[in-house]
Amino acid sequence: MSIPGLTLIAESINDSVPSTHVLFEENNLQGIVELARFQAEKGAAYIDVNVGLRTPAFMAEVVQKIQQHISLPLSIDTPDPEMAAAALEVYDRARSGDPIPILNSISEARLEMFDLYQKHPFIPILLATEGKDEFGGIKMNKTAAETHATARSIVHIARQRVEGLSNDKIIIDPGIMPIGSDSTGNFRRLMNAMQLIHQDSDLAGVNMSVGLSNFTVMLPPQKADGSAVKGPLESAFLTMAMPLGLNTIVGSVKRKYALLPPDHPAMQCLTDVLNLEGMEIIMRVMSYIS
Amino acid sequence: MQEITERIATCVELGKISKTTPFPPHMKGQDGADEIAAEALKNGVHPDALLAGCMQGMERIGKQYSENLVFVPNLLMSAAAMNAVMKHLKPYLESGALKRKGTFIIGTVAGDLHDLGKNLVAMTIKGGGFEVIDLGVDCSTEKFLNAIAQHPDCSVGLSALLTTTLINMEKSVQAIKKAHPSVKVLIGGAPVTDNYCRQIGADFYSANPQGAVEFLNKNKNI
Ligand code: B12
């Protein structure tokens with residue numbers, strides 16, 4: 001992992017990873033610490049901590065245990081305000097040389113997370129993937145303009161709730177979706193949304209992050225000739241997204257992310273996809289992976 | 001007639017939608033599901049033969065998918081090829097000349113917006129010869145119950161991808177079972193397990209779409 005200007009939040013301590021789920025189920029916190037250590041040694045900037053549907057006390061214990069052994073800052077990953085509160089309560093900033101933790105993530109449906117800020121500041125990841133519909137329910141954003149509008153509105157809310165919050169202390173997640181089933185042109189929506197956010201002077205200097213591994217779920221690990229599928233596609237994504245302001249990812253320390261030349265087959269694939277519709281996109285991805 | 005069924009099955013299995021679609025490369029320029037279906041109906045082939053081709057093709061790809069031999073994009077291509085045939089079968093299905101095996105209602109549970117897995121299940125079951133009514137995402141219990149009331153001899157599928165929405169799956173399944181004890185309820189989605197299925201009183205859990213088709217084939221009402 002060595003792209004200048006890219007911050008890696010290491011993804012493996014997450015209950016939805018089967019091997020990590022087993023560690024949690026067996027209450028093997030030593031195993032969790034080892035996983036944190038491994039990711040730290042491999043170049044992570046933050047360690048993500050997602051304990052799934054367990055108690056706030058368990059979340060707090062995991063945070064403390066990791067911090068006893070590892071000095072990297074953490075990314076507290078939960079949709080539950082109580083769990084976030086428990087984690088932030090025990091979080092020891094001095095342990096990581098003072099940087100504040102990341103809170104992954106806040107959506108317009110979970111604004112009460114901001115109430116925790118005053119006592120325990122954090123860098124929020126703000127989700128721009130879902131906004132509110134006219135009845136106050138959640139609605140998935142389908143266009144770049146909608147994603148951009150949610151990004152603006154949630155940043156405004158954040159500023160109201162947290163006095164003096166500057167753009168460089170905010171991360172926006174514009175939402176990445178799997179390229180292998182992208183028959184609705186989500187990749188294009190994402191690229192255009194990032195561009196709109198990047199060009200918006202009100203949002204100047206905000207950080208942007210995506211969960212990069214989600215881009216290649218559902219694809220085979222290898223092509224017929226044995227060459228890798230996922231790493232190059234994720235790298236191509238980074239090559240195209242970083243000029244649009246992407247500077248953070250939740251990703252794997254095991255991947256060798258790199259910036260690729262425009263004639264790399266993965267770059268050609270994604271460039272083509274930007275100009276295709278519907279099943280043509282799936283066919284283009286198929287021809288890349290075959 | 002058998003030959004047509006096999007040709008359709010091959011196009012569906014390999015995802016050959018029409019003559020102009022470039023995939024799969026070795027069939028470039030050849031007729032696809034669309035042309036073969038149109039031509040066959042024009043020549044008086046019974047639509048049953050075409051539906052059988054869809055079913056066989058989807059079954060083959062569904063099995064390969066559950067064995068990790070092919071991946072989601074393959075399944076999507078196959079479903080698109082199947083839809084190219086279904087487009088021609090629509091008038092026969094509407095007139096009743098062509099019968100389906102039963103009705104399957106599917107939706108993602110309340111609070112959950114994930115639909116890729118649900119869509120794959122819907123496509124595969126459609127390809128298995130069932131009429132599929134897709135209620136979309138974020139479906140309340142009422143939405144499921146209303147749809148079932150209109151199709152009392154249907155089976156139902158619920159999908160959930162978030163541990164936080166599993167509770168809504170449980171609520172909906174129990175309400176459905178209470179109101180319609182004879183309706184078979186299938187559940188699925190990454191956090192769902194066999195154990196959970198028994199625990200909440202659903203009839204069947206499958207990790208993949210093909211398992212659901214096999215269950216429905218064994219339990220069909222008509
Ligand atoms: C794509 C995706 C999204 C997309 C969804 C787009 C869409 N239109 O569906 C977007 C970006 C919108 C999204 C949003 C969120 N997501 Co999401 N998402 C994913 C992702 C990357 C892939 C899911 C997927 O489509 N898989 C592929 C399909 C084919 O698999 P599948 O759904 O399991 O379906 C198969 C089987 O389960 C089965 N099946 C499915 N349903 C049924 C039903 C029946 C009846 C049967 C028989 C079988 C069956 O058949 C299918 C085919 O084999 C996963 C991560 C991952 N690696 O899985 C996270 C993931 C599911 N998401 C997650 C989260 C947390 C969220 C958010 C809460 C994000 C946030 N931080 O706020 C929001 C929630 C939005 C909401 N309210 O629902 C978590 C869930 C954690 C958990 N266990 O609770 C995951 C696991 C990511 C993670 N590692 O943290 N997400």
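The model shown is predicted, which means the values in this text are computed figures rather than measured ones. Any value given below was found using the heavy atoms of this structure, including those in side chains, with hydrogens, waters and symmetry copies removed. Proteins get letters first, then strands, A, B, ... in listed order; numbering begins at 1 in each.
- Interatomic distance, B:L113 CG to A:T129 OG1, rounded to the nearest 0.5 Å: 8.5 Å.
- No more than 12 heavy atoms of other residues, nucleotides or ligands lie within 6.0 Å of NZ in A:K142, so this atom counts as exposed by the packing criterion.
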List the steps, then state whether side chain to side chain contact (heavy atoms under 4.5 Å, CB included) holds for B:I17 with A:M283. CA-CA 11 Å; B:I17 305 170; A:M283 283 186 255; 4.2 Å; yes
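- The heavy-atom pair separating A:I289 from B:P73 by the smallest distance is CD1-CG, 4.4 Å.
- Contacts between B:N68 and chain A at a heavy-atom distance below 4.5 Å are absent for every atom of the residue.
- The minimum heavy-atom distance between A:M279 and B:L76, with the atom names listed, is CE-O, 3.4 Å.
- Contacts between A:S16 and chain B at a heavy-atom distance below 4.5 Å are absent for every atom of the residue.
- In plain terms, the two heavy atoms of B:F23 and A:M286 that are nearest each other are CZ-CE, 3.1 Å.
- One distance of note links NE2 of B:H114 with CE of A:M140; it measures 7.5 Å at 0.5 Å rounding.
- No side-chain heavy atom of A:S181 sits less than 4.5 Å from a side-chain heavy atom of B:F71.
- With a 4.5 angstrom heavy-atom cutoff, B:L116 touches chain A only via side-chain atoms.
- Within a 6.0 Å radius of CD in A:E82, no more than 12 heavy atoms belonging to other residues, nucleotides or ligands are found.
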